Each structure stands twice: as structure tokens, then as C-alpha cells.
Amino acid sequence: MASTFSQPQPRQPLPIGLYSSLLPPLLWMTLLYFVPIALLISYSVWRLEAFDIVKEFSLVNFKTILTNVAYRTVIGRTVLTALGVTAIDILITLPIGYFIGRYGGRYRTLLTLLIILPLWSSYLVRVFAWKIILGYNGVLNSALMAIGLFKQPSQIFLYNQFSTMLTFVHVWLPFMILPVITAFERLPPELLEASADLNANPWTTFRRIILPLVMPGVLAGSINVFSLTMGDFITPSLVGSPTGIMLGNVISSQFGVAYNWPLGATFALVVMLIVFLGLAIGLRQGALDS
Amino acid sequence: MWRRLLIAWCIGWLGFSAIFLPIAPAQAANCTLTAIVWEGYTDPSFTKEFEAQTGCAVKATYAGSSDEMFAKFRAGGGRTYDVISASGDITERLYKAGLVRAIDTDQLKNYSSVFESFQGGKWNTFDGKPYGVTFAWGPNVLVYDTKVIKTAPTSWDVLSDPAYAGKISLPDNPMTIADVALWLGKPEPYDLSEADLAEVKQKLLELRPNIRKFWTTAGELANLFQSGEVVMAHAWPLTYTQLSEAGFPIGSASPQGKLTGWTDSWMISKKSPHPEAAYAWIDFILSGAGQKGVMDVTGYSGATTLGAEAIGQERAHELFMDDLSLHSQIKMWQSVKNYDQWVQLWNEIRT
């Protein structure tokens, strides 16, 4: 990149072409990004009264969210779920990324492709697959009964926090693996050899050489997984516990059955704030340095 | 350089214009009737006949709750939908919001066949004028897997039976609070004080461990029964009809005096782009074929004598269409004044 920029460029006296080519993306961003966000923010300070949205400034929605125990529980549960899913994905991804980056060799492209493959199927299909696997008459129960471990099907696999986490971990895994593989590919093997030559044990090499060098990839993946989990409502409503709704479900119910758009908008703003907070932490740690 | 920029610029604009394309789809049919309805009210089995008769295509959106229906109908200034299958809890709200037009009954040749007590029903007549045409009604019932539950339950208390722990399903709709209030013996289940709501909450919390899943669509509930996840549910008769047609061993019980339900009316948007098509549709649904279609698909009761004839005396008696004795017993859905409190309570139950 640096070499392209250092070449002397012929000066454009009037770069109208350049500016006008910026116009479409700018319009695009304005229409599809800035305007909706402005709308969202304005809805969040309006309020609902007798099935009508009163367009006057009020902070009543923020007060409702802060004072209601149930809503606070939902926020806490959503953040914890998102953090948990991210952590599990990191634990799964590190060995896979190390293996593919180190020993993938000429199969590296193929292995990477296999990881992206699930993304070609619909997200819904993958969630439903878990319903079929974990269900009362599902694959897992049938298998456990066939080998004689269970006398009758068990209900413990589906419709609880476990099935929600498992599904999230699975469906968002590619978004974590891809940046991590890239980070491992850039890891110079000489450094690992040098570390071994200097008598460092594998754990020390991992802690002091590998981890710091792949950290940007891990952080980039974490931002993906964390924000995807924060805003999702399909997985908890399809495989989640009847008492384990997440922020996404609350938002969808406020915009749908409850018809309280102002409160829904405020909740959406809460999600955005939490995601931005996560993003800020990630960026500070150098998520995009790679 | 300039050329390349120009090309990029053009491609950019082309891509940008793509978002405006879907707004103007090719209109092959003579007219399109847009409707927002409860699941089953525009089933292809009878809608096709209407489309063949009139040459009008029917484009329907299903709603999951009355409030969603109201919100979607109102969005876009009421031009998005021609007709709405409004339940009694939003008819007045639609009228007060000025979203629906008075029905000119002369344009409906089947209007005289609507049961007399339904003509001028207080749920869709305002200011002395009809704003809706009643076409279907029914109770919310208890459906159960007859392989597991051999004797028909006679009370809603069976839902809290520990024998069925983790095997029941309730609708994911705050209106369910009215049912719980009714089980608790509240005389006015749509007018609940804070103390009443606290009692309802207590009852729901007791019931919660028994609940496997809250259902959102009839299709989802049918799936829950078929995959063996639940054996009992508080549901619309639609689920009973769907499952018995699929050959599933399903039973339906309506515990005496503890029933909520709905009376649905077709209403026409004040700004409907195709009022003739809307009238033609309502007329079709009031006719024998339309009524039979709705009743066969949903298992709800019809509202016209033509419908009663079309399904035969025996079936009409089963659906209480001969004496309407059930209709007066049901606590029909009404507007709830403190509905935001209901929603909040419901969210608390779900967390």
C-alpha cells in the first residue's frame, strides 16, 4: 500500500469527478444509515399514550428501562450471553486457527472454504437444525436411547439457556474463525522456532509470542460475534427458554405485539450503546491494527 | 482516469437506483386486494376461487396480535391495506382513529344473510352506522394430545397439573392475561386493577415451570405438538383443525364459562385504493363458499345463514351457529385501557 501512495500523482486541478463519485455512497449512507438512526433516536424520546405516539420530548422510556427489574435482568442476560458466546468461540477458534495457519499447507484454501461453507446456507436452516438435533424426539435423544443411556427422551437439551448458547456458538463461529485464521497466517514461523531455540516451553511461546500477535484477529472476531449475539432475537425465540428472552425479543415485541415503538426504539438504542462500548474497547486494544 | 471515474460513477448510481425498483412491480392482474388478517382468513383453498371469479389477486399479511394489526394498518396513512379482519378489541380504535369507512351494505348482496344479532353488533357499529361486517367468531380453547390425555379436561386447572410439567404451551400474547384472570374468577377480565394483575402474575409464575414454550404462530404450535414437545396448549381452534387434518390425535375442550374469544369483522380502509375489490371480497366471504372456506380452514364459527347452509345442519350445530348460545357465553376480546401494564407484566413473566 505504502508504495502506491508514495508515487507522485498528477495533480487534478478540479476533482469534480472524484467528488461526484462520492455522492452515491454518501446519499446511500444518509438514506439508509443516518436518517434511520436519527428516527430511532427521536422515537426513543417520544412516548406512547393510549395507543398513540406522543411526539413530545420525554425520558420516560429510559426511566422505565432503568427502574424495571425485569428489563434490567434481560439486559444483564443478553450481555452475559454475548460475552459467553464470544469466549467459547475464541476457545474453539484458537486451536483451529493455529492448525490451519501452521499445518494447513496447500489445503489451507480448502480448509478455509469448508469453514465458510455453512454461511452459504440460511441462518434459519442452521438454527432449525439444532431444533431437530436437540428436540424431544430429536436426533440426540434417539441416539442416547438407542445406545441405552436413556430410558425415555429427555427435555433437558432444548428450550433453555444451553441450547441458546450452543446455537449461537455454532452459527457465529465462521465470523470468529476467519479473522483468526488470517492472523495466524501472518504469524512468522521463525518467531516460534526462535522462541523454542531460546528454551521457552510451548505455554510461554503461546502466551508471549502467539497470543499478542493474533490478538488483533481475535478482537476483530470478538466484535463480530458479540454484536451479532447482542442484536439477535431469532435464536432465543426458536430454541431459547420460555423465560429466557433477550433484548432482541423485547425490541421485536415492542415493535410488534405491544405497539410501543418509543420503548422499542429506546431498547434498540441500549443495544447500540452496548455494542459501541464493546467496539470501543476492541478498538482500544487494537482490533483493526491488522 | 476520467473515463474510469465516469464508469464508476454510473455504476454507483445504477446500484443506487436498484433500491427503488421493487416499489413498482409489474401488475399483471386487473387489481390487487391487499389485506391484513389473522392466519387462515385468506387461505388459498378458497381465495383462489375469489381470484378466479373476480380477476383480483389477494395479497395478505398475517398479524400475530391485534396491536400489530392496528399498527401495520395505520402505518403508511392507511393506504397499505384495503381490508382488515379486525377483532372486537380494535374495531373501535380503528373507527376513532378515522382509518376505516362506513360500510355501504347495499353494495353487499349477501349482507342480508348475516345473522340478525350480528347486523348492527355493538362491536362494529358506531354512530348508528356499520363500519364492519361480522364474518367469524370463536373461543380460545384447550387443545390436547389424545394419546397422552385420555379423558377430556373439563377445567383449565389441568394446565398446572404436575403430571404435565414442561409439556404445555401458552400463546405469546399479553391478551392471555385475560384468560388467566378468568380462571381466577375475575368477572371483568379486560378491566383489571393493579391488585388483579398482581394475582394474575402470581398465577402465571406458578404455571411457568410447566411451560415448555410460548407459541407465536399457529404453525409453530402445530409443530410443537407434532415433534412431541408439548401435549397441551391454550390455542385457537385453528390448531385443532390443522392437526386433526394432518391426522394427529388431537382433542379440543372448552371449559364452561371460562372462555375468551373474538368476533372478527371485515373493515375497509378509508383510503383504500380498491374499494370495489374490498366489497367483492367481503361479499365473497359472506357467501356459502367463502364461509365454508373460512370455517373448514380455521374451525371457527361463521356468521351468515348462507354459511350455515353450506356446511350442513349438523356441523352448524357443532359450531353453535344455529342458536349462537356459545357466542353470548364467551368473554369477547375488548380494548384494554392499561394495556402497557399488561405488556410489562407479560415481559416480566418471560424473563
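Lettering follows sequence order; numbering is per chain, from 1. Predicted, not measured: the structure shown is a model, and the values here were computed from it.
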(message) Main chain of A:Tyr136, side chain of B:Glu229: is a donor-acceptor contact present, judged purely on distance under 3.5 Å?
(response) yes
(message) Using 0.5 Å steps for rounding, measure from the OG1 atom of B:Thr351 to the CE atom of A:Met246.
(response) 13.5 Å
(message) Nearest 0.5 angstrom please: B:Lys167 NZ to A:Gln155 CD, how far?
(response) 4.5 Å
Between [options], which residue shows the highest count of heavy-atom pairs closer than 4.5 Å to chain A?
options                              : result
B:Glu220, B:Gln344, B:Met175         : B:Gln344
B:Trp346, B:Trp342, B:Phe214         : B:Phe214
B:Gly64, B:Pro174, B:Ala63, B:Ser227 : B:Ser227

Heavy-atom distances under 4.5 Å only: say whether [X] touches chain B with side chain, backbone, both or neither.
X        : answer
A:Thr64  : side chain
A:Ser237 : backbone
A:Phe255 : neither
A:Asn68  : side chain
A:Leu158 : both

(request) Check A:Ala70 against B:Glu348 and note the closest heavy-atom contact, atom names and distance. (result) CB-CG, 3.2 Å
(message) Atom CD of residue position A:Gln152 - does it have more than 12 heavy atoms of other residues, nucleotides or ligands inside 6.0 Å?
(response) no
(message) Counting neighbours of NZ on B:Lys201 that are heavy atoms of other residues, nucleotides or ligands and sit closer than 6.0 Å, is the number greater than 12?
(response) no
(request) Could you check B:Asn347 against A:Ile245 for side chain to side chain contact (heavy atoms under 4.5 Å, CB included), going step by step and ending with a plain yes or no? (result) CA-CA 9 Å; B:Asn347 277 334; A:Ile245 54 168; 4.2 Å; yes
(request) Show the numbers, then the answer: is there a side chain to side chain contact (heavy atoms under 4.5 Å, CB included) between B:Tyr339 and A:Asn260? (result) CA-CA 10 Å; B:Tyr339 194 66; A:Asn260 191 343; over 6 Å; no
Measure [X] against the heavy atoms of chain A and call it side chain, backbone, both or neither at under 4.5 Å.
X        : result
B:Arg74  : side chain
B:Leu345 : neither
B:Ile349 : backbone
B:Arg350 : both
B:Val336 : backbone

(message) Evaluate B:Asn223 against A:Lys131 for side chain to side chain contact (heavy atoms under 4.5 Å, CB included), listing each step before the verdict.
(response) CA-CA 11 Å; B:Asn223 188 268; A:Lys131 250 178 104 160; 4.2 Å; yes
